[in-house]
Amino acid sequence: MVLLVPQLGNQVPTTRLSYSYFIASISDDSLQGTSKGIFLHRIHLPSSPSQWALILLGIMGSPDPQYNRQLNGIGGGISSLSKICVVSEPNAELKKHPEMGVQVEYTFVQIGVRDETVDFSGNCGNLSAVVGAFALDEGMCTSGVRSNNGTTTTIRSFNTNTQKIIDTTFPITTTSDGRVLRSEQTRDVYWRPPK
């Protein structure tokens with residue numbers, strides 16, 4: 001999907017960004033999402049995270065002190081719906097340590113609803129569960145991607161906020177020779193039917 005980032009005052013020009021939007025949950029009930037978030041490829045943002053604030057606030061429609069609904073953006077007016085993951089290939093330092101097996105890295109960002117908070121201090125387990133699927137979809141981690149049993153794969157990610165390695169296992173479709181298909185060919189894996 002493509003997003004037009006709204007102009008915030010005269011500080012940020014309107015620009016187009018590609019993004020994915022996921023409903024995520026780590027519960028056993030796969031039809032119940034507990035967080036929603038925007039997933040961005042880091043190459044679409046400035047190189048320094050210190051320059052991301054106005055862009056990410058604009059994406060979510062924050063701040064919204066009067067109505068607390070983020071109607072000028074994609075946010076949903078509550079903290080569990082105002083989250084962003086910025087995902088990329090592993091950085092140069094991680095690539096120096098192939099024994100760690102990190103296939104992708106990401107930064108979690110919690111966006112304030114009423115104010116201009118852009119918080120890099122935490123992580124979201126629910127959205128962490130989707131990082132591997134997004135990275136596979138975007139073609140960020142093609143080497144070392146294998147099917148566990150013909151129906152799932154595991155992607156190893158590095159969270160820059162907590163400096164932790166997180167393995168996520170999710171459903172995939174494979175070809176007859178065992179190759180893992182990218183999710184654009186298996187889009188149904190990520191769709192959650194309404195109740």
Side-chain angles (χ1 to χ4, degrees), residues 1 19-42 44-45 49 52-53 56-57 59-62 70 73-91 93-94 97 100-115 117-138 140-141 144-149 151-172 180 182-183 186-195:
M1 289 186 247
Y19 73 97
S20 293
Y21 187 72
F22 287 95
I23 299 170
S25 177
I26 55 175
S27 72
D28 290 335
D29 183 356
S30 63
L31 300 180
Q32 292 295 317
T34 55
S35 293
K36 294 180 185 180
I38 300 298
F39 286 74
L40 300 168
H41 196 303
R42 186 171 179 159
H44 297 140
L45 293 173
W52 297 356
L56 301 183
L57 287 165
I59 288 170
M60 286 299 174
S62 295
Q70 296 175 311
I74 298 176
I78 58 176
S79 64
S80 62
L81 307 179
S82 192
K83 300 177 178 191
I84 296 175
C85 286
V86 179
V87 187
S88 68
E89 294 179 6
N91 65 47
E93 189 61 33
L94 288 170
H97 300 282
M100 294 173 67
V102 174
Q103 296 165 286
V104 65
E105 73 173 61
Y106 74 100
T107 300
F108 170 75
V109 189
Q110 180 71 57
I111 303 296
V113 175
R114 289 186 165 276
D115 58 28
T117 299
V118 179
D119 184 1
F120 292 92
S121 66
N123 190 19
C124 173
N126 293 319
L127 293 189
S128 294
V130 182
V131 168
F134 174 76
L136 186 65
D137 184 37
E138 291 290 309
M140 290 182 217
C141 54
V145 177
R146 291 183 285 284
S147 168
N148 295 333
N149 55 12
T151 61
T152 64
T153 193
T154 300
I155 300 293
R156 176 164 281 189
S157 61
F158 179 78
N159 176 256
T160 63
N161 309 73
T162 62
Q163 304 292 298
K164 301 287 184 192
I165 291 176
I166 300 168
D167 289 338
T168 57
T169 301
F170 53 93
I172 47 93
V180 174
R182 288 177 54 180
S183 65
T186 59
R187 186 61 68 184
D188 59 310
V189 168
Y190 308 109
W191 181 74
R192 294 172 186 261
K195 278 192 157 185

*Asks:* Is there a donor in the side chain of Thr152 and an acceptor in the side chain of Thr169, or the other way round, less than 3.5 Å apart?
*Replies:* no

*Asks:* Could you tell me the separation between the CG atom of Leu136 and the CD1 atom of Ile172, rounded to the nearest 0.5 Å?
*Replies:* 8.5 Å

*Asks:* Give me the atom names and distance for the closest heavy-atom approach of Ala135 to Val104.
*Replies:* CB-CG2, 3.6 Å

*Asks:* Contact between Phe170 and Val130 at the side-chain level, heavy atoms closer than 4.5 Å - yes or no?
*Replies:* no

*Asks:* Could you tell me if Asn123 and Ser128 have a donor-acceptor pair between their side chains, going purely by distance under 3.5 Å?
*Replies:* yes

*Asks:* Give, for atom NE2 of His41 and atom CD of Glu89, the distance between the pair rounded to the nearest 0.5 Å.
*Replies:* 6.0 Å

*Asks:* For Met100, is there any backbone N or O sitting under 3.5 Å from a side-chain donor or acceptor partner on Arg156?
*Replies:* yes

*Asks:* Rounded to the nearest 0.5 Å, what's the gap from CZ on Phe39 to CG on Asp137? Could you check?
*Replies:* 11.5 Å

*Asks:* Identify the heavy atoms of Glu93 and His97 that sit nearest to each other, and give their distance.
*Replies:* O-CD2, 3.2 Å

*Asks:* How long is the span from the CH2 atom in Trp52 to the CD1 atom in Ile111, to the nearest 0.5 Å?
*Replies:* 10.5 Å

*Asks:* Please check this pair: side chain of Asn161 against backbone of Gly122, looking for a donor-acceptor N/O pair closer than 3.5 Å.
*Replies:* yes

*Asks:* What heavy-atom pair brings Ala129 and Thr168 nearest, and what distance separates the two atoms?
*Replies:* CA-CG2, 3.8 Å

*Asks:* Short question: side chain of Ser82, backbone of Gly75 - any donor-acceptor pair under 3.5 Å?
*Replies:* no

*Asks:* Is the closest side-chain donor-acceptor distance between Ser62 and Gln70 under 3.5 Å?
*Replies:* yes

*Asks:* Might you point out which heavy atoms bring Phe108 and Cys124 nearest each other, and give the distance in Å?
*Replies:* CE1-CB, 3.5 Å

*Asks:* Return the CG to CD1 distance between Asn159 and Ile165, rounded to the nearest 0.5 Å.
*Replies:* 11.0 Å

*Asks:* Does the side-chain contact (heavy atoms from CB on, under 4.5 Å) test come out yes or no for Val87 and Glu138, once each step is laid out?
*Replies:* CA-CA 10 Å; Val87 187; Glu138 291 290 309; over 6 Å; no

*Asks:* Locate the shortest heavy-atom distance separating Cys85 from Val131; write the atom from each residue and the value.
*Replies:* SG-CG2, 4.5 Å

*Asks:* Donor-acceptor check, side chain of Thr160 to backbone of Tyr106, threshold 3.5 angstrom: yes or no?
*Replies:* yes

*Asks:* Between Thr117 and Asp119, does any side-chain donor sit less than 3.5 Å from a side-chain acceptor?
*Replies:* no

*Asks:* Could you check if a side-chain atom of Phe158 sits within less than 4.5 angstrom of a side-chain atom of Gln163, using non-hydrogen atoms only?
*Replies:* yes

*Asks:* How far apart are the closest heavy atoms of Ser79 and Gln110, and which atoms are they?
*Replies:* O-NE2, 2.9 Å

*Asks:* How long is the straight-line distance from CD1 of Ile74 back to NZ of Lys36, given to the nearest 0.5 Å?
*Replies:* 12.0 Å

*Asks:* So, applying side-chain contact (heavy atoms from CB on, under 4.5 Å) with Met60, which one of Val109, Val118, Ile84, Val113 is it?
*Replies:* Ile84

*Asks:* Checking side-chain contact (heavy atoms from CB on, under 4.5 Å) for the pair Ile59/Ile38: CA distance, chi angles, key distance, verdict?
*Replies:* CA-CA 9 Å; Ile59 288 170; Ile38 300 298; 4.2 Å; yes

